[in-house]
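Accompanying notes for the structure given below.
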Amino acid sequence: MAGRLIDGVWTREGDILASEDGHYRRQETDFRNWISAESGAKFAPEAGRYHLYVSYACPWAHRTLIMRSLKGLEHAISVSPVSPVVNLDGWEFSDANGGFPDHLSGKEYLHEIYTRADPTYTGRVSVPVLWGKKLNTIVSNESAEIARM
């Protein structure tokens, strides 16, 4: 990655991906909410309520697209792909380089989606992101959990 958010401000300072012993340590995802049909659930299943931010270049994001297709949810969950190349400002929404504009919120960079959900967020900005349109926040950025939901 080209940078990260620190207290809601994008910095081009790179991620620290390796520990002192040289092993790769992936940062835990920070948004771990769940869509549930239980009465009173904050995130209830509802067609048109959720939006998926992905990169076609990311295998973790790609598996959420596969599950969306296998479950026939294309009509229920909209998608915004970022450009497949991460630049110094992170994942970008652009017509260039095989990407697309963000038709949901009109943002230029994915880190703006993260700070929309949490203005003081500190951490990596990764795909996929499952966005809740009704509450205007990130439901989850954990690919395995998004695929299970």
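Side chains included, hydrogens not; waters and symmetry mates left out as well; all remaining heavy atoms used.
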[X]: what forms a side-chain contact (heavy atoms from CB on, under 4.5 Å) with it, not counting sequence neighbours?
| X | value |
| --- | --- |
| Ala144 | Arg63, Glu142, Arg148 |
| Arg116 | Ser105, Lys107, Trp131, Asn136 |
| Thr115 | Leu5 |
| Ala76 | Ala47, Leu73 |

Sequence neighbours left out, what passes side chain to side chain donor-acceptor pair (under 3.5 Å) with [X]? Give chain and number order.
| X | result |
| --- | --- |
| Thr120 | Asp118 |
| Lys134 | Glu46 |
| Lys133 | Ser78 |
| Glu108 | none |

Closest heavy-atom contact between [X] and [Y]?
| X | Y | value |
| --- | --- | --- |
| Tyr114 | Arg124 | CE2-O, 3.8 Å |
| Trp10 | Leu88 | NE1-O, 3.1 Å |
| Val54 | Thr64 | CG1-OG1, 3.9 Å |
| Pro128 | Ile146 | CG-CD1, 3.9 Å |

- Message: According to salt bridge (Lys or Arg N to Asp or Glu O under 4.0 Å), does anything in residues 72-88 pair up with another residue at least two apart or in another chain? List the pairs.
- Response: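 Salt bridge (Lys or Arg N to Asp or Glu O under 4.0 Å) check on residues 72-88 returns no pairs.
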- Message: Can you list everything that forms a ring-ring contact (aromatic ring centres under 6.0 Å, His included) with Tyr50? Sequence neighbours excluded, please.
- Response: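 Here no residue qualifies.
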- For Tyr109, all residues meeting ring-ring contact (aromatic ring centres under 6.0 Å, His included), sequence neighbours excluded: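 Tyr109: ring-ring contact (aromatic ring centres under 6.0 Å, His included) contacts with His111.
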- Please tell me if the side chains of Arg4 and Thr11 come closer than 4.5 Å, counting only heavy atoms from C-beta onward.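 Arg4 reaches Thr11 side chain to side chain.
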- Query: Just by distance, do the side chain of Thr122 and the backbone of Asp7 share a donor-acceptor pair under 3.5 Å?
  - Reply: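 Such a contact is found between Thr122 side chain and Asp7 backbone.
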